[in-house]
Each structure stands twice: as C-alpha cells, then as structure tokens.
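Below: the structure, in structure tokens.
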Amino acid sequence: MKISKKKVISFIVLFLFLVSLIWEAVYLKKVADYKRAVKETDFDEIDVINISYGIYTGEYDVNFIYAKVEVTVEDGKIVSINILEHRHERGKAAETVIEKIMEEQKIDVDAISGATNSSTVIKKAVENALKGEP
C-alpha cells in the first residue's frame, strides 16, 4: 500500500497544528498561573527597627518574573537594596521601586507604573530577605 505524498503532507500539517495548539494551551495556562500568583501576593508589615544589623538575601519567583535581592540593614533602617537578579518581560523600570522602599522604610510602597508585576515581585523579594525566607 502506497501512501500518496499529498496524504503525508496533510498528516504532517495536521500534526504540527495539533502540537501548536497544545503548546499554546500550556503557555496560556502558565500565563494565567503567573498572573494569579502576582495578584495573590500580599505583604506583611515588617518593623525594620526590630531587624538586626546585617545583610539579608531574599528572592521571589512567579515563573515569568523572578527577583533576588540583597538588603542591608543598619541601625534599624534599610540602607541599601541591591538587585542581584531580575528576570522580567518588560519590567526593568520596576527596579526603581527599591528607592521608594528605602525612602519610606516600608515594603508595601506604590508600584512603578507600567511595571506593576515586576514591582510586586521585587517588593516580595525584599520582604522575604527581611523575614529570612527564601
């Protein structure tokens, strides 16, 4: 039994179409999970004055966005925040949120407009550092 070239090409096209549909469904699920994770991120109030002098490292990952930070505390104040790693889509501008955190000496500051999700991830990484959580 000989299979025609036309049938083989049709089968390959159909197969590739099905593979692309599955890939798209998996991707959309990951995007939905990422958006839900960011939306459900909440912040605890941390009284920085009660945190001992030191350098603390924390991170937060929601799949599409990840941040790892190093926070230095001296005399009950956050004196520096270094972003060690920041994977983002278009959230580079969010990195300026660390200035707001140091200025206001609290974590739950306003997000950077246009980079809300990355701002949230960076803020949560800072909180995790100060709480001693990975």
Side-chain angles (χ1 to χ4, degrees):
M1 182 169 112
K2 189 174 179 182
I3 300 174
S4 72
K5 195 174 186 180
K6 189 175 181 180
K7 283 186 180 183
V8 170
I9 291 173
S10 295
F11 176 77
I12 291 171
V13 168
L14 179 62
F15 177 76
L16 291 175
F17 177 72
L18 290 174
V19 167
S20 69
L21 281 178
I22 292 168
W23 182 86
E24 185 176 355
V26 169
Y27 176 78
L28 291 175
K29 168 95 170 76
K30 285 183 178 184
V31 169
D33 291 347
Y34 139 74
K35 287 182 178 183
R36 187 180 71 255
V38 171
K39 188 176 183 178
E40 292 175 354
T41 299
D42 60 341
F43 299 96
D44 296 330
E45 277 194 43
I46 294 180
D47 193 357
V48 180
I49 203 157
N50 294 325
I51 297 178
S52 302
Y53 170 86
I55 299 172
Y56 302 89
T57 303
E59 57 189 332
Y60 193 58
D61 188 358
V62 293
N63 291 326
F64 286 96
I65 302 174
Y66 167 81
K68 183 173 184 179
V69 298
E70 182 180 78
V71 182
T72 303
V73 176
E74 291 179 7
D75 299 322
K77 288 188 168 191
I78 299 171
V79 295
S80 73
I81 301 171
N82 294 315
I83 297 175
L84 303 175
E85 187 176 350
H86 181 208
R87 280 192 328 254
H88 54 84
E89 291 177 325
R90 293 172 277 139
K92 179 77 173 158
E95 294 180 2
T96 60
V97 77
I98 62 174
E99 296 164 9
K100 289 183 175 185
I101 293 171
M102 288 188 298
E103 182 181 306
E104 296 183 32
Q105 291 295 302
K106 67 179 188 175
I107 296 163
D108 197 12
V109 297
D110 290 339
I112 303 303
S113 179
T116 304
N117 292 346
S118 282
S119 296
T120 299
V121 170
I122 292 169
K123 293 187 306 184
K124 190 64 175 184
V126 171
E127 178 184 298
N128 288 343
L130 296 176
K131 290 170 66 176
E133 296 179 6

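The first residue of the sequence shown is numbered 1, and numbering continues consecutively from there.
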Side chain to side chain donor-acceptor pair (under 3.5 Å) contacts in which one or both residues fall within residues 10-35, not counting sequence neighbours: Lys29-Asp33, Asp33-Arg36, Tyr34-Asn117
Shared hydrophobic cluster for Val109 and Val79 (ILVMFWY, side-chain gaps under 4.5 Å): no
Exceeds 12 heavy-atom contacts within 6.0 angstrom, atom CG of Asp75: no
Atom pair CG/OG1 of Asp108 and Thr120 - distance to nearest 0.5 Å: 8.5 Å
Partners passing side-chain contact (heavy atoms from CB on, under 4.5 Å) against Phe11 (at least two apart in sequence or in another chain): none
Cluster check Tyr66, Phe43: I/L/V/M/F/W/Y, side chain < 4.5 angstrom: no
Residues Glu95, Lys92: salt bridge by 4.0 Å N-O rule: yes
Asp110, CG: over 12 other non-hydrogen atoms inside 6.0 angstrom: no
Candidate pair Leu130 and Ile107, rule side-chain contact (heavy atoms from CB on, under 4.5 Å), full reasoning: CA-CA 10 Å; Leu130 296 176; Ile107 296 163; 3.9 Å; yes
Short side-chain to backbone donor-acceptor contact, Glu127 and Asp44, under 3.5 Å: yes
Residue pair Ala93 / Ile112: nearest heavy atoms and the distance that separates them: O-CG2, 3.8 Å
Side-chain (Gln105) to main-chain (Met102) donor-acceptor, under 3.5 angstrom: yes
Val97 backbone acceptor or donor facing Lys123 side chain under 3.5 Å: no
Linked, directly or transitively: Ile46 and Ile55 (ILVMFWY side chains, under 4.5 Å): no
From Ile98 atom CD1 to Ile78 atom CD1, the distance as rounded to the nearest 0.5 Å: 10.5 Å
Lys100 and Glu103 ion-paired at < 4.0 Å: no
Lys77 side-chain N/O to Ile49 backbone N/O, donor-acceptor pair under 3.5 Å: no
Asn128 side-chain N/O to Glu59 backbone N/O, donor-acceptor pair under 3.5 Å: yes
Side-chain donor or acceptor of Thr116 paired with backbone N/O of Ala111 under 3.5 Å: no
Hydrophobic cluster identity match, Phe64 and Leu28, side-chain contacts under 4.5 Å: yes
